[in-house]
Amino acid sequence: MPFAALSSQETKPEGISRAIPEGATPEEIVRLSTQVRPSYRQIDYQQREMLGFIHIGMNTFTGQEWGTGKESPAIFNPDELDAEEWVRTFKEAGITGVILVAKHHDGFCVWPSRYTEHTVAHSPWRSGKGDLVKEVSEACRKYGMKLCLYLSPWDMHESTYGTDAYNEFYIHQLEELLTNYGPVYLLWFDGAGTQEEVSGKNMPFQWERIFRRARELQPDVLLSGNAPDVRWVGNEKGKGRATEWSVQGINETTDWFGSLKDYDHSLQDLGSLADLQSKKRLVWYPSRGGLPLRKGWFYHPADDLSIKSLSYLVDSYFSTVGQNSNLLPNLSPDPSGKIPQKDAERLIEFGRIIRDMKTTDYAKGATAIPIGGWENCRTDALTDGSPFTSWNTVEGQVQATVEIQLKEESTFNVVLLQENIRDFGQRVERFAVDAWMEGDWKMIAEGTTIGFRRMLRLSTPVTANKLRIRFLNARLSVSLGNVSCFRLEDVPEENESLPAIALRDVGIRVSLQGIRGKHMRNLTDGDLATMWSGRLCGEKPAFVFTLSQKAPFNGIRYSPGSLPKGHVERYAVYASDDGKVWGEPLVTGRFGNIENNPVEQRIYLPRTEKRFVKLEVLKTVADTKVIEIAELALVND
């Protein structure tokens, strides 16, 4: 699909939002929602489908997902790092931009910021003269890729975090990134730690000042994450919604909203009429879903066997890109700075599958036949590959049909539909697709929202020479910009499984302390599909491992269950010879980001040889008492 050309300030329209008057009727809200429009930045972004993510920093060298801010820059030394390799890998996968984590929540900067000593300038990498942002920006320019930067608002290292002075510090770092490295396509403002319940500090962010300064320096930059241009889809599994509205309701009155209140990104009915009726303003706010190829965002050697399968990646593509969202696949360089070969090959093969699917559009140049209420019916407008040449029905006509006469009988298993969001916003609420087979119309797919892009993946290929799209309901009227048909190759299925655990050869019994639970066998059966559930009911709740004999171990693997809040967040681990005298903990820590990315976690321990090990639960997500665990294991690997 060609990108919409933008050549002058006149062709760069800003988005259109609408205030919801107090006491507005449902009909008024529907009308207002159809007046909301994307900005030129958002249109360009939604056309890109995927941007790549690169996570490297302190956590790469400590084995954590969230650090503490107390790590020493001396541990950062990815001495084989080649930024061109990173960028080239994404380009070969068909991805057009790279998001580099310039600063994660621990505050370590991969560029030599003048405003803190917690940077690469105080590391051994490149003898303290390195600048990773510069290297990635130069590689992006060389390969024609968009440079995007992640600058965590939460900073565990900076002493001013939690005070007004931090806004000045943060803007200074923003200015460095936006003035020294050329055009920046997207800035990522992660929401983690911006709330007191996570960071422990009530940080008075001056979002309007921050965002205004970014746009003063680079008017075209997209503001993503905890920001007004692009929102989080609500999970970190690469999964989207079957009903995805880009028109969203918020309670903020400023265009520069940051930390939204009363807005739950994970709700399945976001943007529905029921949701909009409780809001004060309507904005264009498309979603994006992150997809770490490994269990977490940073490299951990224990995750070498957990690379997402091709089928998982393709499913994620259709769940996000195919459902009016975008996808952000992540690569995790190892401590040498290299992308593990299996990770790179997997992403490139995934990109090839998507690219090959799009090679032939069986609907290109087909004849479109209007049935009922359409205007602007140029017969080739719907099959020219562009969503911005379109048909629309008259106002009030919320049902319509179009037939697509293909040039010849074709076999396909993907149908792409697009609305003209630039000129009409998002309107379609329900539709069905039929194919002419064996002398009759047979429904092959149905759905709710379309938006910029809806890709319907059929369970089996269809052979036909004619399609029919029936629009069953819409907001005010129907808009249709493009119809395409593709053939996706068969993608092999692979099962993700836990790696073998050496300590399984040693008899181990797990008991509970200050916890009531059932299905104890499910806790250690090696099957991620079976769940143990329990309730914290006493002081210092803990899981106690009793070994049949003294044996060495160096970690604990914890796979959280499916309850959205029932996860262990903070913990302490003890070891004992007799199960009575425990002494000081071997480690205390936190499973960073477990609420948003509840995948298998690893607690790294100093290699120890004891008969008793205790995992004490210091805190659960949202301080819940009920917890659920898929697997808990003492390991030596």
Side-chain angles (χ1 to χ4, degrees), residues 63-65 235-237 292 294-296 300-309 312 494-536 541-548 551-575 586-587 589-605 608 612-621 624 626-637:
Q64 303 299 310
E65 279 294 295
N235 65 73
E236 296 184 0
K237 300 178 182 179
R294 292 170 165 251
K295 289 188 180 297
H300 309 305
D303 294 342
D304 286 345
L305 300 178
S306 74
I307 312 304
K308 299 286 193 305
S309 66
Y312 191 105
E494 299 175 38
N495 294 321
E496 293 184 85
S497 59
L498 288 174
I501 299 173
L503 276 180
R504 286 245 169 94
D505 298 331
V506 178
I508 301 177
R509 179 173 60 87
V510 180
S511 58
L512 306 176
Q513 174 183 299
I515 303 174
R516 289 197 303 268
K518 53 185 179 179
H519 308 305
M520 288 297 293
R521 183 179 179 277
N522 294 348
L523 198 61
T524 57
D525 62 0
D527 186 350
L528 295 177
T530 60
M531 300 292 162
W532 169 90
S533 58
R535 183 176 184 84
L536 309 184
F543 299 90
V544 180
F545 297 86
T546 301
L547 284 64
S548 60
F553 54 87
N554 65 355
I556 294 175
R557 285 199 179 117
Y558 160 57
S559 296
S562 56
L563 288 177
K565 301 290 185 182
H567 310 315
V568 178
E569 182 177 8
R570 293 184 182 273
Y571 59 83
V573 179
Y574 300 80
L586 296 175
V587 298
R590 175 185 199 168
F591 294 128
N593 203 33
I594 193 168
E595 180 176 2
N596 299 326
N597 192 28
V599 298
E600 182 191 284
Q601 308 289 318
R602 169 67 185 263
I603 300 174
Y604 292 90
L605 303 173
T608 306
F612 299 91
V613 183
K614 180 169 65 173
L615 172 62
E616 187 174 310
V617 179
L618 302 180
K619 185 183 184 301
T620 60
V621 171
T624 59
V626 177
I627 61 174
E628 186 179 74
I629 298 177
E631 192 70 12
L632 191 63
L634 191 64
V635 299
N636 184 37
D637 53 11

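This one's a predicted model, so the numbers in the text were calculated from it and none came from an experiment.
Of all the heavy atoms in G561 and M531, the pair that sits closest is CA-SD, 3.7 Å. When all heavy atoms of L512 and G517 are compared, the closest pair comes out as CD1-N, 3.7 Å. Of all heavy-atom pairs between G566 and Y558, the closest is O-OH, 4.4 Å. Of all non-hydrogen atoms in Y604 and P301, the two that sit nearest each other are OH-CD, 4.2 Å. Here the closest non-hydrogen pair linking L528 and A630 is O-CB, 3.7 Å. In terms of heavy atoms, D527 sits closest to A529 at OD1-N, 2.9 Å.
Residues L605 and I556 meet the side-chain proximity criterion, which asks for heavy atoms closer than 4.5 Å. Within the 4.5 Å cutoff, no side-chain heavy atoms of S511 are placed close to those of M520. Side-chain contact check for V599 versus Q601: some heavy-atom pair is nearer than 4.5 Å. A 4.5 Å side-chain heavy-atom check between V626 and R535 finds at least one atom pair inside the cut-off. Looking at heavy atoms from C-beta onward, L615 lies in side-chain contact with I603 at the 4.5 angstrom threshold. Two residues are said to be in side-chain contact when any heavy atoms from C-beta on lie closer than 4.5 Å; K237 and Y312 meet this criterion. Between N554 and V635, the closest side-chain pair of non-hydrogen atoms falls below 4.5 Å.
Checked against salt bridge (Lys or Arg N to Asp or Glu O under 4.0 Å), R294 has the following partners two or more places apart in sequence or in another chain: D304, D343. In this structure, F612 has no ring-ring contact (aromatic ring centres under 6.0 Å, His included) partners at least two apart in sequence or on a different chain.
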Report the C-alpha distance between T608 and L586 in whole Å, list the side-chain angles of each, state the deciding distance to 0.1 Å, and finish with yes or no for side-chain contact (heavy atoms from CB on, under 4.5 Å). CA-CA 9 Å; T608 306; L586 296 175; 4.0 Å; yes
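Taken from CG in L523 to CD in E628, the straight-line distance is 11.5 Å, to the nearest 0.5 Å. Here the CZ-CD distance, from R590 to Q64, works out to 11.5 Å after rounding to the nearest 0.5 Å. Rounded to the nearest 0.5 angstrom, I594 CD1 and R570 CZ are separated by 12.5 Å. Annotation: the span from L536 atom CG to T620 atom OG1 amounts to 6.0 Å, rounded to 0.5 Å. To the nearest 0.5 angstrom, I629 atom CD1 is 10.5 Å from H567 atom NE2. The structure places CD of E236 at 14.5 Å from NZ of K295, a figure rounded to the nearest 0.5 Å.
No salt bridge links R557 with E631; every basic N to acidic carboxylate O contact stays at or beyond 4.0 Å.
Screening residues 507-516 for salt bridge (charged side-chain N to carboxylate O under 4.0 Å, His left out) gives no qualifying pairs among residues at least two apart or on separate chains.
The number of heavy-atom neighbours closer than 6.0 Å to NZ of K614, taken from other residues, nucleotides and ligands shown, is above 12.
Using a 3.5 Å distance cut-off with no hydrogens or angles, the side chains of N597 and E65 do not pair a donor with an acceptor.
The aromatic rings of W532 and F543 lie perpendicular to each other, with more than 60° between the two planes, well past the 30° mark.
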